[in-house]
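Accompanying notes for the structure given below.
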2 protein chains.
Amino acid sequence: MARATVHDLANAAGVSLATIDRVLNRRGGVRPATIEKVEQAMARLNYRRDLAAAMLAKQREYQLVFLIPTGVNTFMRNLATEVARLADLNAAERVSIRVIEVPPFDDDTLALALNGLEGTPLTGVAVVATDNALVRQAIDRLSVRGVPVVTLVSDVPGSRRAHFVGIDNSAAGRTAASLMGRFLNGRKGRIAILAGSMLLRDHAERHFGFERVLRTEYPELAALPVIEGRDNAAVAEEVLGALLDAHSDIIGLYSLGAGNRGVIAALRKRGLGQKICVIAHELTDHSREALIEGTFDAILNQDPGHEARSAMRVLRALTDGQPIDPGQERIRIDIYLRDNLP
Amino acid sequence: MARATVHDLANAAGVSLATIDRVLNRRGGVRPATIEKVEQAMARLNYRRDLAAAMLAKQREYQLVFLIPTGVNTFMRNLATEVARLADLNAAERVSIRVIEVPPFDDDTLALALNGLEGTPLTGVAVVATDNALVRQAIDRLSVRGVPVVTLVSDVPGSRRAHFVGIDNSAAGRTAASLMGRFLNGRKGRIAILAGSMLLRDHAERHFGFERVLRTEYPELAALPVIEGRDNAAVAEEVLGALLDAHSDIIGLYSLGAGNRGVIAALRKRGLGQKICVIAHELTDHSREALIEGTFDAILNQDPGHEARSAMRVLRALTDGQPIDPGQERIRIDIYLRDNLP
DNA sequence: CTGAAAGCGCTTACAG
DNA sequence: CTGAAAGCGCTTACAG
């Protein structure tokens, strides 16, 4: 027998379609006895709602905005590309996505961009946020207005954002330290740490996790103070180069931000590619090549495609009042060696 | 202005709805000139079809069957659980999923189960297959009948299966060897290899990848002949125990199949938990615990939730004639250390 | 608190 | 090769 519809339910319960709908969607204003009748009919007929029909009747449109920092940062560019693909693939499901590019490392402009969303029709926002009071306030304002906000890649824990789409960055740092410790396996020496900016929460958390494991589990490895490359290849090459020149006892490098091209250049120029154990973040064309030929020893990665899809799914579920599947939305820390490269 | 519908298209092109539908879905039987008119209207109005409406009108039902080996194998149990969850979550999207449990390591019964599907209404099959002629024939028979088949976890490359949902098992083996080689870092000794059965293609491929990297890149490590634990804890404990007793120079173990409980027991009983470098497969309650307390050094994992979802998506796309997103459907080899455990 | 009727944007026989 | 009409299973004003 075919699956039951609202009509079957209405017949079985002896009520109208409107009442069925009220019970189904818990709209209230229905006598308890009537609710009871409907629920019994649902159970008896094994009723399962048809989502496609509901979507059609509701005429719901999802208007999503993604705020992503611009610049030469390959990872962010890949993320923007994935979001654009997503927009294309989901136009048929009534979701339209707008990408707004914002300058990196600029709290004020980001807050302004968030606040500027006020006028537009909007059902959800995903933002690669900086953890700043103005930004937090802008996120809270949207949330209070009823627009769900998810943070992407880097979280703002104090805010009212509904969800964070990204990896556990402390865990990533800890993982980097474990790999480094095991790969170096008892050797003594200094470890360089290159971040983009310690004002970025994701970078700060990676650093925290890394240092923690290094100091407690691998005391033979001494971390140098973090240097900052501003997620920019040229800057990264310069600051890292200076550090390498100043310390001849560096045996490991944790590059926890962007700017891999600069890292690779600094190492190659000094012939240190194979000598220093290097763990870097984000799989890009450059980092992949460095991994294959041995300049990098491991790459920790977050998949921008997964993050884009997850943000969209979560934002949709949030506006539909649907549950979120934590297993599906957990963004994993991919570990790439030369052998499991995709 | 609201998005264009088929009605707008019909008006703009001066044709009927039926003709619009014929062009949209390339059903043929339309004059080229008419097609042209419609396509121009589509472009002019920026038409995007509404999937929910199409689904509703088509009344498409997806009837999927998943064939999964039974037994005490925790990974397979988890996989079956994930498939059941999926069935529940997607009932509202007109997909119904039936799980059929089959005995493990039994080609004939599996082929019989596949052939027995003939009668039932069916739009797709996912099967954890063995690579055997009878099974291959059964898969081909279904495919030829127009029922798309995807292989799950272990592939059958010679068959007409439409897609494989699982990890690259050779890459997994290579990754295990690399981790082992780097963790052992120059030490000399023997490496034990425990499989479930070398008749399983996924196990054979892991073994191949592992040996390949071990012999070419870590000649100081000598692999012992593979032993088989039948993916059963008791058998695994026994055969591994015997091997450990016979060779005192084993410094590494690659457990590439199931039966982790037996592996853990064999190691603990001999006080070898911390002394031998162990790489195992699949994150389960037991393997997780072994990783945390140091008996295992790394776990390679495939996510059963992802595999179940991916199989469903692929099967749906196949019956709808929709494209598959390779990035989304690639099942990754998760590497877990104690530090990035979920 | 409840119901009758129209409508969402497609697809599907059926007729011509 | 083309079209008019009904229908898919919901939701939504509106009326009472």
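Reckoned from all heavy atoms, side chains included, excluding hydrogens, waters and symmetry mates.
The side chain to side chain donor-acceptor pair (under 3.5 Å) pairs that include a residue from residues 95-104 of chain B are B/Q63-B/S96, where partners are two or more places apart or lie in different chains.
A/D8 has its CG atom 8 Å from the P atom of D/dG9, to the nearest Å. One can place CG of A/D50 at 7 Å from P of D/dG9, the figure rounded to the nearest angstrom. Here D/dC10 presents its P atom at 13 Å from CG of A/N11, a figure rounded to the nearest Å. Atom-to-atom, CD of A/E93 to C1' of C/dC10 comes out at 15 Å; the value is rounded to the nearest Å. In this structure, the CG atom of B/D320 is 16 Å from the P atom of C/dC10, given to the nearest Å. Atom NE2 of A/H7 is separated from atom C1' of D/dG7 by 11 Å (rounded to the nearest Å). The distance from atom CD1 of B/I20 to atom C1' of C/dG9 is 13 Å, rounded to the nearest whole Å. One atom, CD of A/E61, and another, P of C/dC8, lie 13 Å apart when rounded to the nearest Å.
Between B/T34 and D/dT2, a side-chain N or O to OP1/OP2 separation shorter than 4.0 Å is present. For the pair A/Q59 and C/dG9, the criterion of a side-chain N or O lying under 4.0 Å from OP1 or OP2 is met. Between C/dG3 and A/S16, a contact under 4.0 Å exists linking OP1 or OP2 to a side-chain N or O.
Shown here is A/R160, whose CZ atom has no more than 12 heavy atoms of other residues, nucleotides or ligands within 6.0 Å.
Across all strands shown, A/R60 has no heavy atoms under 4.0 Å from either base or sugar-phosphate atoms.
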Legend entry - B/K58 and B/D320: CA distance, side-chain angles, deciding distance, salt bridge (charged side-chain N to carboxylate O under 4.0 Å, His left out) verdict: CA-CA 11 Å; B/K58 272 207 276 259; B/D320 290 344; over 6 Å; no
Inset, instruction - Between protein and nucleotides 11-16 of chain C, map the contacts as a letter string: B base, S sugar-phosphate only, - none, heavy atoms under 4.0 Å, written 5' to 3'. - result: BB----
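Nucleotide D/dA13 is matched to nothing when pairs are restricted to Watson-Crick or G-U wobble geometry with both distances under 3.5 angstrom.
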